Amino acid sequence: MEIHKYEKWWMIFGTGTLIVFLIILGVSAFHGGTHPNNSKWTINYENVDQIEPFNNPGLHKVEGKDWDYEVVLVAQAFAYNPTEIEIPAGSKVRFIATTKDVIHGFEVAGTNINLMLEPGYVSEKITTLDKPGTYTIVCNEYCGSGHALMYSTLKVVDNNDNN
Ligand code: CUA
């Protein structure tokens, strides 16, 4: 069987791009950590508002745990509840988040907080917020027509500056 020269180039090009994409995917998944969360905590996404702790979204100070605060967060098209989070600098925080409809992202730009929120699952992240500042929270999973408008704010405040 004879393959035309140009046909051969196209076959090499097609196979080549496939390999390149697989390498990019592999590096971002295994090295960059971009993958769906492997949470074992499931939830009925249709009743999120009735289920603890999501019946009370917001920032909560906790005692007797390894962290100082819990941020309970509910995402839905196209907003986050709470819309703004303010945390004292240096606090250890556990983020507990889920979605009421489709897949959303929860990325706090400039930090290592980057969660994928999947309907039916609870995503968690424990981290310490050391650097005071105002951080933008963005949805980095395409979720519909309002996706680009889906954001909120995380303020890490240095209490010593406020008095
Ligand atoms: Cu929510 Cu994109």
Side-chain angles (χ1 to χ4, degrees), residues 17-62 65-158:
T17 46
L18 181 66
I19 291 167
V20 168
F21 286 146
L22 285 174
I23 289 169
I24 292 170
L25 195 69
V27 169
S28 68
F30 294 105
H31 183 69
T34 304
H35 50 73
N37 75 78
N38 49 6
S39 170
K40 303 284 183 294
W41 183 356
T42 56
I43 188 169
N44 180 350
Y45 70 92
E46 292 176 316
N47 292 327
V48 165
D49 289 338
Q50 277 100 61
I51 299 167
E52 271 188 46
F54 299 102
N55 54 2
N56 186 18
L59 178 75
H60 307 291
K61 179 115 183 75
V62 293
K65 294 190 178 173
D66 287 342
W67 44 87
D68 310 306
Y69 289 94
E70 285 181 349
V71 173
V72 176
L73 186 116
V74 178
Q76 70 183 103
F78 301 99
Y80 296 101
N81 183 6
T83 51
E84 195 182 289
I85 306 164
E86 194 176 306
I87 298 174
S91 317
K92 195 169 179 185
V93 183
R94 179 189 185 211
F95 289 87
I96 311 166
T98 193
T99 164
K100 284 165 73 170
D101 39 43
V102 297
I103 292 178
H104 296 283
F106 179 79
E107 180 178 0
V108 184
T111 72
N112 64 347
I113 306 164
N114 185 5
L115 301 172
M116 185 192 253
L117 312 179
E118 297 167 275
Y121 291 90
V122 176
S123 305
E124 292 176 84
K125 170 85 183 176
I126 297 167
T127 190
T128 303
L129 297 162
D130 283 327
K131 243 177 85 188
T134 300
Y135 300 86
T136 303
I137 298 169
V138 291
C139 178
N140 57 7
E141 297 287 340
Y142 183 74
C143 52
S145 58
H147 165 68
L149 304 170
M150 187 163 173
Y151 63 91
S152 72
T153 310
L154 171 68
K155 284 183 182 165
V156 178
V157 292
D158 193 342

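The chain is numbered in sequence order, starting from 1. Counting starts at 1 for both ligands and their atoms, in listed order. The structure displayed is predicted, hence computed values, not measured ones.
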Response to the item:
Distance col, row Asp68:CG vs Leu129:CG, nearest 0.5 angstrom, shows 10.0 Å

Worksheet item: Between CG of Leu73 and CG of Leu59, what distance do you get to the nearest 0.5 Å?
Response: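 So the gap between those two atoms works out to 11.0 Å.
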
Below 3.5 Å, can you tabulate the donor-acceptor pairs from side chains in residues 45-58 to any protein atom, sequence neighbours excluded?
{"from": "Asp49", "atom 1": "OD1", "to": "Lys100", "atom 2": "NZ", "distance (Å)": "3.4"}
{"from": "Asp49", "atom 1": "OD2", "to": "Lys100", "atom 2": "NZ", "distance (Å)": "3.0"}

Practice prompt. Using side chain to side chain donor-acceptor pair (under 3.5 Å) as the criterion, list what pairs up with Lys65, not counting sequence neighbours.
Written response: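 Lys65: side chain to side chain donor-acceptor pair (under 3.5 Å) contacts with Glu70.
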
Worksheet item: So do Ile85 and Ile137 actually touch side chain to side chain, heavy atoms under 4.5 Å?
Response: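 Ile137 vs Ile85: side chains touch.
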
Worksheet item: By residue and atom, what protein N/O/S atoms are less than 2.8 Å from atom 2 (Cu) of ligand 1?
Response: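 Only Cys139 SG, Glu141 O, Cys143 SG, His147 ND1 fall inside 2.8 Å of atom 2 (Cu) of ligand 1.
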
Practice prompt. Please identify each residue that fulfils salt bridge (charged side-chain N to carboxylate O under 4.0 Å, His left out) with Lys155, with sequence neighbours left out.
Written response: Glu84

